[in-house]
There are 2 protein chains.
Amino acid sequence: MVRPTMEDVALRAGVSRALVSLVMRNSPKVSEARRTAVLKAAEELGYSPHAMARSLASRTSTVLGVMVSDLHNAFFAEVVDGIDEVAREQGFDVIINTGGRSPARERRALESLLSFRPAGLILLSPVVPATAIGKAAEQLPIVLVARSSRVSTVDTINDDGEQGARLAVDHLVSLGHKRIAHLDGGEGTQAGPRRRGYVAAMEAHGLVPQVVSSEYTDAAGARAIRSLIESDALPTAILSCNDFNAVGAISALEDAGLRVPHDVSVVGYDNTSLAALRHVSLTTIDQPRAEFGRLAAEALLQRVREERTEPVRHLLNPSLVVRNTTAPPGGPR
Amino acid sequence: MVRPTMEDVALRAGVSRALVSLVMRNSPKVSEARRTAVLKAAEELGYSPHAMARSLASRTSTVLGVMVSDLHNAFFAEVVDGIDEVAREQGFDVIINTGGRSPARERRALESLLSFRPAGLILLSPVVPATAIGKAAEQLPIVLVARSSRVSTVDTINDDGEQGARLAVDHLVSLGHKRIAHLDGGEGTQAGPRRRGYVAAMEAHGLVPQVVSSEYTDAAGARAIRSLIESDALPTAILSCNDFNAVGAISALEDAGLRVPHDVSVVGYDNTSLAALRHVSLTTIDQPRAEFGRLAAEALLQRVREERTEPVRHLLNPSLVVRNTTAPPGGPR
DNA sequence: TCTATTGGTTGGAGCGCTCTAATGCTGTAG
DNA sequence: CTACAGCATTAGAGCGCTCCAACCAATAGA
């Protein structure tokens, strides 16, 4: 259980510790002969550099910390893919930590991540208060994904939720729907823009918005539908705040003997892998998730390399993915 | 961007660095007066200890590394929840890293994790070769989840796949099914035990096993069903290798005009959140995922604290979760 | 021939912390 | 009044590494 140190490698290769250090960092100013000797010794000993000692000594870090608010949501997995790709390309390591959607746990996760003194932090849809983020931002560069911020030292990557909601409404209207309700995401991140986009798009079409309060879950979507049915206010189309909500809505509709999309059309939001399942086949709004990750990592690395001090505010364009849960009112099936 | 050090706190509190160190570690041998003075100074400066320097100096670590082979799979998220819970309880931090189901990326992830010299490592369903795991196990304690190993320094946590498959078959037989096919997980981890359990259970009931080669995905499940239909070999019940496969199977059955469970019953495996969605409502085999995580963390911490050197081989009991995709042959709906 | 210059190499200080052994300081016993 | 605990406190070495300045050929320029 004892790992060899640089000293051991140096001894075995018959060189100084400093030379080993240079080889490990791929310095060009090492003769080929010594380089191979050192690499051979390292290989034989099974040596690999101690990242912490390195970062302590160099007062720099090649680690990017990522806080994922909810590991259960596959949305974030794809963002992480994008981050990973760019980070690896540029020689950075990624460590992940999760906040479990609880501000307290998230705060602890943040602390933990900070204690590694990473080069920078990417927070995926964090729920901690803005002040906590601001405080952390005094210590290192921070990029926020799927959450906005006014702090000038913080970069943000978001999708244009208003536009996404508009795409959905336009699609439904073009199918001939007039009564379209929005199952609202309440306090959830990005729920605001989506709601605003929905309302604006409805009004632009001269239609009456119908916002039903709900949440980002399966069960909440079902509940909202049941309340609509009870109050006899069921429209011909539903725009859910996200895919889970939409799937819950669909199952409540089916339980009530209604057919989707024949009786009611449903549109989700996020294009999670769930939506793509043939069995679900949900019409939804896609966000370029991996692109979120790539842009986040790039923005962060620019700050890390001090190439930029101005904040960046990316607003990516979502797109409509038409599957089998939307049709003209009273249409197929 | 400059964080205060212990020295700064010591200076401000008018004590030595060593004393600050003691306070930070909650040592009992510090007078109340000095303790409060130090804490006050630390608070004022916004000081928090540098985890890396600490671990370097103490030659110990309070970090547990977790390698998740596939972040997209919510199965692992719940295991991580269990790990997190136990680790936090015992004052350990968790850092996560992902291998994206590719041996090369996973290897890199492993390297990266090792470079932090964590106290131990938990690998969730890794796909790296056993030799790589054995090598890492020489350096620190390792626990494997959802993958077995013969290395005596490695602990393993698995579900009893044979028993799970048996539960599923027993359930289907008790409903009256005689022709039950298994959509096999091929090379996937745990596919072997599930297949063996299925075959053994079928034979125990005096029935003829029918193993159809497939994979752990939605699309593969659908493909397998189509091939069964084409070759006119469709049974009255299907035991899929996992939930995704089962959902794919269901959608292919429905596309073919068959009703689930009226015409064909389908059982999944894993009880992912997908299966619980009301819209899917899949009968499946549940694995105690959070329990996997808890046991993994506990096993690891026992090794870390050198309380045990004998390997532990946990084999957890899966359980049957009956939902709406199984019924007697030609039964309801 | 002597001094610059260059490219490879090295010793040693120091990153922020922990840990051991030693120190000072009471208070009590001899 | 000395001796000796017992306790709180501290100096200093050292964890594994990087980085700087110094060093040492070997070559180039004068």
Side-chain angles (χ1 to χ4, degrees), chain A residues 1-39 41-42 45-63 91 93 114-119 139-140, chain B residues 1-39 41-42 45-63 91 93 114-119 139-140:
Chain A
M1 297 265 170
V2 165
R3 299 199 65 169
T5 77
M6 212 166 240
E7 198 75 50
D8 301 325
V9 177
L11 225 61
R12 181 175 251 261
V15 299
S16 71
R17 187 169 25 83
L19 212 243
V20 177
S21 170
L22 290 174
V23 173
M24 287 303 149
R25 283 175 290 147
N26 292 314
S27 163
K29 38 173 117 186
V30 177
S31 65
E32 224 23 70
R34 306 267 174 149
R35 160 165 281 123
T36 54
V38 167
L39 289 176
L45 291 173
Y47 170 82
S48 76
H50 191 313
M52 295 183 161
R54 168 176 282 180
S55 115
L56 185 61
S58 64
R59 269 143 293 175
T60 62
S61 167
T62 59
V63 172
D93 280 321
L114 283 174
S115 78
F116 286 97
R117 305 290 194 274
Q139 299 181 9
L140 37 46
Chain B
M1 296 263 173
V2 165
R3 300 198 65 167
T5 78
M6 212 166 240
E7 198 75 51
D8 301 325
V9 177
L11 224 61
R12 179 175 254 260
V15 299
S16 70
R17 187 168 26 84
L19 212 244
V20 178
S21 171
L22 290 174
V23 172
M24 287 304 149
R25 283 174 292 149
N26 292 313
S27 163
K29 39 174 120 185
V30 177
S31 66
E32 223 25 68
R34 306 267 175 146
R35 159 164 282 123
T36 53
V38 166
L39 289 177
L45 291 173
Y47 170 82
S48 77
H50 191 312
M52 295 183 157
R54 168 177 283 179
S55 116
L56 185 60
S58 64
R59 268 141 295 175
T60 61
S61 167
T62 59
V63 172
D93 279 322
L114 283 175
S115 78
F116 285 97
R117 304 292 193 273
Q139 300 181 6
L140 37 45

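Here is how names work: the chains are called A, B, and so on, in the same order as the sequence lines, proteins then strands, and each is numbered from 1. Hydrogens, waters and symmetry mates play no part in the numbers below; they use all other heavy atoms, side chains included.
- A donor-acceptor contact closer than 3.5 angstrom is absent between the side chains of B:S21 and B:R54.
- A:L22 places its CG atom 13 Å from the P atom of C:dG11, with the value rounded to the nearest Å.
- Counting only distance, with no hydrogens or angles, the side chain of B:R59 and the backbone of B:A57 share a donor-acceptor pair below 3.5 Å.
- Regarding contacts with the backbone of C:dT9, a side-chain N or O of A:S31 is found under 4.0 angstrom from either OP1 or OP2.
- Looking at the side chain of B:R34, the nearest of the listed nucleotides C:dG11, C:dG14, D:dT10 is D:dT10.
- Not one side-chain nitrogen or oxygen of B:S16 sits closer than 4.0 Å to the OP1 or OP2 atom of D:dT9.
- Among the nucleotides C:dT10, D:dT10, D:dC15, the one closest to any side-chain atom of B:V15 is D:dT10.
- Side-chain contact check for A:S55 versus A:R117: every heavy-atom pair is 4.5 Å or farther apart.
- With the nearest nucleotide of DNA chain D identified for both A:S58 and B:S58, B:S58 has the one nearer the 5' end.
- To the nearest angstrom, P of C:dG16 lies 9 Å from CZ of A:R117.
- Nucleotide C:dG16 holds its P atom 12 Å from the CE atom of B:M6, rounded to whole Å.
- Within the structure, a side-chain polar atom (N or O) of B:S21 is placed less than 4.0 Å from OP1 or OP2 of C:dT18.
- Each of D:dT9, C:dG16, C:dC19 was ranked by its minimum atom distance to the side chain of B:L56; first place goes to C:dG16.
- Side-chain proximity of A:A18 to D:dG16, D:dC19, C:dC17: nearest is D:dC19.
- B:L19 has its CG atom 14 Å from the C1' atom of C:dT23, to the nearest Å.
- Listed nucleotides: D:dC17, D:dT9, C:dC17. Nearest to the side chain of B:Y47: C:dC17.
- In this structure, CZ of B:R35 is placed 14 Å from C1' of D:dT9, rounded to the nearest angstrom.
- Neither OP1 nor OP2 of C:dG14 sits under 4.0 Å from any side-chain N or O of A:R59.
- Each of A:V20, A:V30, A:L22 was checked for a side-chain contact (heavy atoms from CB on, under 4.5 Å) with A:V38, and the lone residue meeting it is A:V20.
- Using a 4.5 Å heavy-atom threshold, the side chains of B:L11 and B:D8 count as separate.
- Separating the CZ atom of B:R17 from the P atom of C:dC17 is a distance of 9 Å, rounded to the nearest angstrom.
- Atom CZ in B:R54 sits about 22 Å away from atom P in D:dG14, given to the nearest Å.
- What separates CE of B:M52 from C1' of C:dC15 is a distance of 12 Å, to the nearest Å.
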